[in-house]
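These notes concern the structure reproduced below.
Just follow the structure's listing: the first ligand is 1, and inside any ligand the first atom is 1.
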Amino acid sequence: MVSTLGTPPSVKSVSPNQSLQPLTSRVNSQGHLEIGGCDVVELVRQFGSPLYILDEWTLRQACRLYRDTWARCYPGQSQVLYATKAWNCLAICALALQEGLGLDVASGGELYTALQAGARGEELYLHGNAKSAEELAMALEVGCTLVADSLYELQQVAALVTPERPARLLVRVNPGIDVHTHEYIRTGQTDSKFGIGQWQLPEVFDFLAAHPQLHCVGLHAHIGSQIFDLQGHRDLAGVLAQIWRQGLDRGLPLQELNVGGGLGIRYVESDDPPSIPEWVEAVATAVRQSFTAAGLPLPKVLCEPGRSVIGPAAVTAYTLGGQKRIPPSEDLPEGRLYVTIDGGMSDNPRPITYGARYTALLANRPEAEATQRVTVAGKHCESGDVLLKDVLLPNPAPGDVLVVLATGAYNYSMASNYNRFPRPAAVLVNQGEVQLILRRETYADLIRQDILPERLQR
Ligand code: LLP
C-alpha cells in the first residue's frame with residue numbers, strides 16, 4: 001500500500017478510476033499536497049475537518065471519457081447517466097448535467113435534488129425495487145423515465161397514468177449473472193431483490209402490451225458494483241439481446257438498452273480495474289455483436305456509472321489526534337499504534353460495512369518516507385470504527401492532516417449522524433479556486449427535527 005504521493009500521474013493518459021489520487025494532485029512549493037491547485041493543509045485551516053475535497057477536473061474527465069468513448073466506438077446512439085446514489089447534491093448533479101450526462105436517481109429525495117439542480121424530466125431515470133406511490137407520482141409529474149422493477153410497480157403505475165400523463169419506462173430485468181464483488185453489492189444474480197426474473201417476463205410483457213399508456217421504451221439491467229472483470233458485462237449483452245427479441249415479438253416499442261454501471265476503481269495500489277475506455281469498448285462491442293448475431297437493429301445504449309465517475313475525484317481530509325500504543329505481546333508480536341482522527345464511520349461507513357480498504361497519506365508532508373505502521377481509528381463509540389488497518393505513514397503526529405484517497409463514492413451519500421456527529425463540509429476545487437458545495441452541519445442542525453414534549457421540559 002503506497003502512503004507517499006510519488007510522481008503525480010500524467011493528467012492526460014490516466015483514466016481517473018485507475019488513479020489512486022485525483023488527477024491534479026501534486027506536491028506544491030510548501031511541500032504540501034495540492035489538489036485542484038489548492039493546498040490541502042490550507043483548505044483544512046479554512047474549512048475545518050473532516051473535509052470532503054472534490055477535484056472538478058477529475059470528475060469532468062471521468063464524465064468526458066465515458067461520453068466520448070461511447071460516441072467514438074458505438075455506431076448507434078448512446079447516453080451516459082451519472083448514478084447519483086454515489087454522491088447526490090446540487091453541485092454534483094449540476095456538474096454532471098453540464099457534461100451532458102443524464103441522472104439516475106434512486107429515491108424521491110435524489111429526484112428532488114436533481115430537479116432542484118436544474119435537471120429536466122427527460123434527463124432523469126428513477127430506480128428502486130419498492131418505489132412509493134408518492135415517488136411514482138412525482139416522477140410521472142415531471143416526465144422522468146421509470147425503471148420498473150416489478151409487476152406490482154407496473155400495476156401501480158397503470159393506476160396513476162392518464163392520457164395527458166402517460167408513463168415512459170424501462171423494464172429492469174434480472175439477468176441471472178453472478179459477478180465477483182462483495183455480496184452486499186451484487187445485484188444481477190437470480191437470488192436478488194432487484195429486477196424481474198426471466199421466468200416472469202412473459203407475464204410482464206403481456207401486461208405492458210395490454211396497457212399502451214405505459215410506454216415501455218426499453219430494458220435495464222445492473223449486475224453489481226466495484227467490478228474489475230469485463231466478462232459479466234459481455235455476458236449481460238447476450239442475455240439482454242435474447243430478452244429484447246422476446247419483447248419485440250410481444251409488440252413492445254423497444255429502443256433503449258440500459259446496461260447499468262459497476263466499473264470498479266483503484267482504492268489500494270494492488271487494485272487493477274480496467275480503464276473507463278476499456279469498459280465502454282467492451283460493452284459497446286458486446287452489445288453490437290449480440291444484437292447483430294440475433295438479427296436485431298442496434299438499440300440506443302445507456303449506461304449509469306456512479307463510483308467510477310465520482311469516487312476517484314474526492315478525498316477526505318482529517319486532523320490527527322492522540323495516539324495509543326499497544327505493546328508487543330505473544331498475540332501481537334509487533335504491537336500496534338492507533339492514531340485517531342476527527343471523523344470515522346459517520347463520514348465513511350464503507351470499511352465497517354464492507355471491509356473496504358483505502359490508501360492514505362499526510363497532506364503536510366506527502367513526500368516523507370512512510371515507515372511507521374499504524375491503524376487509523378475513528379472517534380465513534382464502536383470498536384469497529386477503524387478506517388485503515390496496518391498502513392504505513394511517515395511518523396504521524398497530532399495535528400497532521402491525514403488524507404484518505406478515493407472517497408468520492410458512497411461516503412457522503414452514506415454518511416450518518418451516528419453519535420450525533422455533524423456531517424462534514426465539502427469543497428469543490430479547480431485551478432486554485434475553492435467553492436463550498438456542502439456546509440458543515442452544526443449542532444443546531446442536529447436537533448432541528450427534534451421535538452421536546454412540554455411535559456418533559458425542565
Ligand atoms: N445502477 C444501479 C441500478 C445501481 O444499483 C447502482 C449501484 C449503479 C447503477 C451504480 O453503480 P456503480 O457504477 O457505482 O458501481 N454502497 C456500496 C455500493 C452500492 C451500489 C448500489 N448500486 C458501496 O459503498 O460499495
Heavy-atom contact under 4.0 Å between A409 and ligand 1?
->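 Distance cut 4.0 Å: A409 fails for ligand 1.
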
Test item: side-chain donor near acceptor, T407 and T316, under 3.5 Å |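 Indeed, the side chains of T407 and T316 share at least one donor-acceptor pair under 3.5 Å.
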
Distance-only donor-acceptor check, side chains S49 and T319, under 3.5 Å |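 Present: a donor and an acceptor within the cut-off.
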
CD/Q77: more than 12 non-hydrogen atoms of other groups inside 6.0 Å =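 Open.
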
For G128 and E153, which heavy atoms make the closest approach, and how far apart are they?
->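 Reported closest heavy-atom pair: O-OE1, 3.8 Å.
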
Where ligand 1 meets R307 - atom numbers and elements under 4.0 angstrom, heavy-atom basis =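 Every atom of ligand 1 under 4.0 Å from some heavy atom of R307: 12 (P), 13 (O), 14 (O), 18 (C), 23 (C), 25 (O).
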
For ligand 1, which atoms have a heavy atom of P305 less than 4.0 angstrom away?
->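 Once the distances to P305 are compared, the set is 13 (O).
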
Between ligand 1 and [X], is the shortest N or O to N or O distance under 3.5 Å?
X	value
H127	no
R172	no
G306	yes

Heavy atoms only: which of H220, R350, H222, K85 is nearest to atom 11 (O) of ligand 1?
->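 It is H222 whose heavy atom sits nearest to atom 11 (O) of ligand 1.
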
Report the part of [X] (side chain from C-beta onward, or backbone N, CA, C, O) that has a heavy atom under 4.0 Å from ligand 1; answer both or neither where that applies.
X	answer
A86	neither
D104	side chain
F194	neither

Counting only N and O atoms by type, is there a donor-acceptor contact under 3.5 Å from the side chain of N348 to the main-chain atoms of G344?
->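 No.
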
Pair F194 + H222: ring centers closer than 6.0 Å |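 Ring centres of H222 and F194 not closer than 6.0 Å.
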
Taking NZ, NE, NH1 and NH2 as the nitrogens, is one of them in R168 or E122 under 4.0 Å from a carboxylate oxygen of the other?
->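 No, R168 and E122 are not salt-bridged.
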
